[in-house]
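This report refers to the structure that appears directly beneath it.
Starting from 1, each residue takes its place in the sequence as its number.
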Amino acid sequence: MKMPRPTPPLLLAISLLVLAWPASCADPVLFPVSKDAATSLYSIPVRDGANHVVDLAGQLLWSTCAHDHLPAKLSCKDPVCKLADAYRAPSCRIAGRPCKKKCTAYPYNPVTGKCAAAGLIHTRLVANTTDGKNPLQQVSVRAVAACAPRNILASLPKDVTGVAGLSASGLALPAQIAANHRVANKFLLCLPRRGEGVAVFGGGPLFLQPGEAVGDLTTVLAFTALHTRKGNPLYYIPVQAIAVDQPPPVLLPAGGVVLCSRVAFTALRPDVYRPVVDAFDRGLARNDAKVDKVGPFELCYNSTMLQNTRNGYAVPEISFVFEDGKRWTFVGSNSMVHVDGQTACFAFVEMKGVKAGDPNAAAVVVGGFQMENHLLQFDLEKKQLGFAMVPSFSECSNFDFTNSQY
């Protein structure tokens, strides 16, 4: 569902300029992306070094209040107020109250589900523009955010002060940067396994080191459709089957495949999990290397007995097969996780709390570990997802942040 862009009073003039100027008249906006070792969540600094957790399903930009924030005095009938209240998390019981005098948003913690009633504020995001190779210059981007109480930060990384929603909502970060910085409404996301990855709002190119060997990664992207559903902030992709090296592939039943940055490892519904795990076990055929399972993982191996390659362990490839036959493939570096010095486990887990075949639950929730060191382009104008694996001799943390203003 295409969401309208925000047009708050302070931003109306800028929004009118967006209509008059081509979308590419400004340089894309760059943020470094870091991974928290304790929670496996990813965050970006959006204001004076204040880190915000990246949430692909997030509808808002929210944080704890700073003294210099300017309250956004919006009426209940203002279009921005309607955007702020467009989606209410099922766990947020206080949401749904009729708006009376002051516009109220309901930011929620994507890990705990806890929410709070919050007012809207005007703020500025501090970032760098980029040419795809280096940061260029510091830029300040106006934005509307929700001012949340500190008690909903539980279970988020210690240095985090809020959440940066990256959904297709009109008040999520991509739409606000597009409207106020005059760039295309699309963003690149390259999640790191270690070090600093990159998020670029407004499109490519994107070069990682060594630049001469890697080249512009946006030129090798494959594309598939990117769907959203009414009343649901998740991004869905049209995967028809999961292939594990050898045929036949595991056909996906109803439920869909969603992308979720707040989940550490890809979760498979029970009716999908069992055939995928069994196919991987048959394909690897290393019963001699098996060791006791280490929760939440079922298949674990003595890592010293597995062959290592530039793409991680030599194990069966896992591929998402799309409607047009294109494949998004995960090699050993994204399908096997180290749990200790001598143990590596198959990094797909069984979805909990849902029944096999439940059409109301996603069939697959793609987690951050599988997305790491893959370049993803979310084109919210064309409703396309671009995807490409970063070459084995590079990684998402190889962006050259030299001259960065952070």
Side-chain angles (χ1 to χ4, degrees), residues 24 26-36 40-47 49-56 58 61 125-139 141 157 159-160 163-166 172-174 176-178 181 183-221 235 259 261-262 333-334 368-380 385-406:
S24 59
D27 291 314
V29 176
L30 168 73
F31 294 94
V33 181
S34 59
K35 181 179 181 180
D36 179 63
S40 294
L41 294 172
Y42 308 92
S43 62
I44 59 175
V46 299
R47 187 178 185 277
N51 290 329
H52 285 53
V53 164
V54 169
D55 182 10
L56 282 171
L61 176 69
L125 313 178
V126 179
N128 278 294
T129 57
T130 184
D131 58 1
K133 296 181 179 180
N134 300 95
L136 296 178
Q137 61 183 10
Q138 193 173 84
V139 63
V141 181
D159 62 345
V160 156
V163 171
L166 300 185
L173 197 57
Q176 295 214 59
I177 292 179
H181 191 64
V183 293
N185 191 10
K186 60 183 177 180
F187 64 96
L188 298 169
L189 193 61
C190 203
L191 297 178
R193 180 81 28 102
R194 52 186 169 269
E196 287 187 334
V198 289
V200 180
F201 295 84
L206 183 70
F207 296 84
L208 300 175
Q209 299 297 320
E212 301 79 9
V214 178
D216 176 12
L217 279 175
T218 64
T219 64
V220 298
L221 291 170
Y235 289 117
L259 304 172
S261 57
R262 62 181 186 248
S333 58
N334 289 99
F369 185 83
Q370 275 67 45
M371 290 188 274
E372 288 172 356
N373 289 324
H374 287 250
L375 177 62
L376 302 179
Q377 178 177 275
F378 294 78
D379 191 327
L380 306 184
L385 176 74
F387 55 94
M389 184 172 68
V390 173
S392 58
F393 49 83
S394 188
E395 53 187 326
C396 286
S397 58
N398 278 13
F399 185 81
D400 187 357
F401 280 102
T402 305
N403 299 322
S404 171
Q405 297 297 311
Y406 287 103

Exercise. In sequence, state the C-alpha distance, the side-chain angles, and the governing distance for Gln138 and Asn128, and then conclude on side chain to side chain contact (heavy atoms under 4.5 Å, CB included).
Key: CA-CA 4 Å; Gln138 193 173 84; Asn128 278 294; 4.1 Å; yes
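- Ala172 is linked by a side-chain contact (heavy atoms from CB on, under 4.5 Å) to Ser167, Ser169, Pro174, counting only residues two or more places apart in sequence or in another chain.
- Nearest heavy atom pair, residue Asp27 against residue Thr130, reads CB-O, 3.9 Å.
- Counting only heavy atoms from C-beta outward, the side chains of Leu166 and Phe187 approach each other to under 4.5 Å.
- The salt bridge (Lys or Arg N to Asp or Glu O under 4.0 Å) contacts involving residues 370-379 comprise Lys35-Glu372, Arg193-Glu372, where partners must be two or more places apart or lie in separate chains.
- Annotation: side-chain contact (heavy atoms from CB on, under 4.5 Å) contacts of Arg194 (sequence neighbours excluded): Glu395.
- Contact between Ile44 and Pro32 at its shortest, heavy atoms only, is CG2-O, 3.3 Å.
- Looking at every heavy atom in both residues, Asn134 comes nearest to Asp131 through N-OD1, 2.9 Å.
- Applying the ring pair (Phe, Tyr, Trp, His ring centres under 6.0 Å) criterion to Phe369, with sequence neighbours excluded, gives Phe265.
- A heavy-atom distance below 4.5 Å is found between the side chains of Phe378 and Leu385.
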Output side-chain donor-acceptor pairs under 3.5 Å for residues 204-214, partner residues at least two apart or in another chain, one line each.
none

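- Across all their heavy atoms, Leu56 and Tyr235 have their closest contact at O-CE1, 3.4 Å.
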Quiz item: Checking side chain to side chain contact (heavy atoms under 4.5 Å, CB included) for the pair Leu125/Phe201: CA distance, chi angles, key distance, verdict?
Solution: CA-CA 13 Å; Leu125 313 178; Phe201 295 84; over 6 Å; no
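- Among all heavy-atom pairs drawn from Val141 and His181, the shortest one is CG2-ND1, 4.3 Å.
- The two atoms that bring Asp55 and Ser261 nearest to each other are CA-OG, 3.5 Å, heavy atoms only.
- For Phe399, the ring pair (Phe, Tyr, Trp, His ring centres under 6.0 Å) test picks out Phe401, with sequence neighbours left out.
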